[in-house]
Amino acid sequence: MTVDARPTLETPIPFIDLAAQRRRLGQRIDDAILRVVNHGGFIMGPEVRQLETDLSAFCGAGHAIGCANGTDALALVLMAKGVTAGHAVLCPSFTFASTAEVVAWVGATPVFVDVYPDTFNMDPASLEVGIATAKAQGLTPAAVIAVDLFGQPADYDAIEGICGQHGLWLLSDAAQSFGATYRQRRIGTIGAATSTSFFPAKPLGCYGDGGAVFTDDAELAAVLRSLRVHGQGSDKYDNVRIGMNGRLDTVQAAVLIEKLKIFPEEIAARQAVAERYTEALAEVAGTPNVLEGASSVWAQYTLRIAGGRRDALAARLKAEAIPTAIYYPKPLHRQTAYRQFPVAGGALPVSDRLASEVISLPMHPYLLRDVQDRIIDAVRRSLASL
Ligand SMILES: Cc1ncc(COP(=O)(O)O)c(C=O)c1O
């Protein structure tokens, strides 16, 4: 791939370099946006349907439904499935707020589950405990939302097995993992439905907000399409269910059509960066473990730094103009708005520990080898002196 105007070692390192991708796509993006401006179909224009077709072809899902953002994508599925008060929806605590927020929106109760320390994803043993906790509180477990944190698929074989035993349906929150694979399956084809986000910083991001839902269930797809336009029926002014304004903008669809064309190459470039990081850092820090047979799209490359040294490492790297980020400093069950909800077995020790140990390094497909070296060297040097 060619990227002109390469950053040099003296330029500040971006955490995610959207400008490099912009330079690469150049005129193609300008033309795509202008086409929409000229045809004027800003709401549900032809690019939305085109993108849905392209996304389905890419991930293998029978139906792709574009929507306004990854949060609405989750909510649309819960609404379509009739999740409501008295239902429990099991989800990890170590995730972004949207995962649990939507459960509360529909009046149901999120029940928080712990994660594995090395993949950061839902621990099936804690899921079993969470189901028992929900029942003990008089709730009816209805569904599981598994999150593919930092780009890596959750342990779906185990989670699907538990869902099957307990009669629960599965929603895959793939806001960070669209493009990843899990044991011969592409993300988008697992569970009753999959949601994703096209927030600009996501591996496949647009130039604003955007999202999508994927499913193989034609009936569910039809309900989702109705819900995203206020619950519209075949007569536009006879709404047949309570919905929302959850449409994907045509301009964002046009941008995504162009970005999807280079996405496979970008995923490969992210994988190469992750491999170099792991090779160079595995002996000095906790490096992420990807499940056997799975691949990650590396939305984040996240280290675990034990012994209370994480914040000092972040400060040292900042002093060398190397940005880092903490995803997430507080698991949801510790946050003000979510403290009231049940927690599997009463405690989530791994989520609590990860919040004080994780640190994410710059990660994007245009991270040049010499910049990777500068980051690796700074991490190794800093840790050696802490
Ligand atoms: C795990 C997870 N779920 C859901 C979302 C929500 O996506 P959006 O910001 O597009 O609403 C995000 C986005 O940050 C996320 O990381």
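As the structure lists them, so they are numbered: ligands from 1, and atoms in each ligand from 1. Just so we're clear, the structure is a prediction, and the values are computed from it rather than from any experiment.
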Subject >> For atom 13 (C) of ligand 1, closest protein heavy-atom neighbour >> reply: Lys202 NZ, 3.0 Å

Subject >> Asp173 and ligand 1 - part of the residue with a heavy-atom distance under 4.0 Å >> reply: side chain

**OP:** Indicate yes or no for a side-chain donor-acceptor contact from Thr53 to the backbone of Arg49 under 3.5 Å, with no hydrogens or angles considered.
**Re:** yes

**OP:** Check each atom of ligand 1 against the heavy atoms of Asn69 and keep those under 4.0 Å away; list them by number with element.
**Re:** 10 (O), 11 (O)

Original post:
Closest non-hydrogen protein atom to atom 11 (O) of ligand 1, residue and atom name please, with distance?
Top reply: Thr71 OG1, 2.5 Å

Subject >> Asp157/Arg185 ion pair, N-O < 4.0 Å >> reply: yes

**OP:** Name the orientation class of the two ring planes belonging to Phe263 and Phe178 (parallel below 30°, tilted from 30 to 60°, perpendicular beyond 60°).
**Re:** parallel

Original post:
Would you say Ser98 and ligand 1 have an N/O pair spaced under 3.5 Å apart?
Top reply: no

**OP:** Taking only Lys NZ, Arg NE, NH1 and NH2, and the carboxylate oxygens of Asp or Glu, determine whether Arg183 and Glu160 approach each other closer than 4.0 Å.
**Re:** no

**OP:** Scan side-chain atoms only and decide if Tyr366 and Arg23 contain a donor-acceptor pair under the 3.5 Å cut-off.
**Re:** no

Original post:
Which atoms from ligand 1 have a heavy atom of Ser197 less than 4.0 Å away?
Top reply: 7 (O), 8 (P), 10 (O)

Subject >> Sidechain-backbone polar pair: Asn69 side chain, Gly211 backbone, donor-acceptor under 3.5 Å >> reply: no

Original post:
Considering only the protein, which heavy-atom contact is closest to atom 16 (O) of ligand 1, and what is its distance?
Top reply: Gln176 NE2, 2.8 Å

Subject >> Atom pair CD/CG of Gln300 and Leu149 - distance to nearest 0.5 Å >> reply: 8.5 Å

Subject >> Proximity of Val147 to ligand 1 by residue part, where a heavy atom lies under 4.0 Å >> reply: side chain

**OP:** Of the side chain and backbone of Thr95, name the one, both, or neither that has a heavy atom under 4.0 Å from an atom of ligand 1.
**Re:** side chain

Original post:
Taking N or O atoms only and a 3.5 Å limit, does Ala175 qualify as a polar contact for ligand 1?
Top reply: no

Subject >> Asp373 with Arg276: basic N within carboxylate O range, under 4.0 Å >> reply: yes

Subject >> Nearest neighbour in protein (non-hydrogen) for atom 8 (P) of ligand 1 >> reply: Gly70 N, 3.4 Å

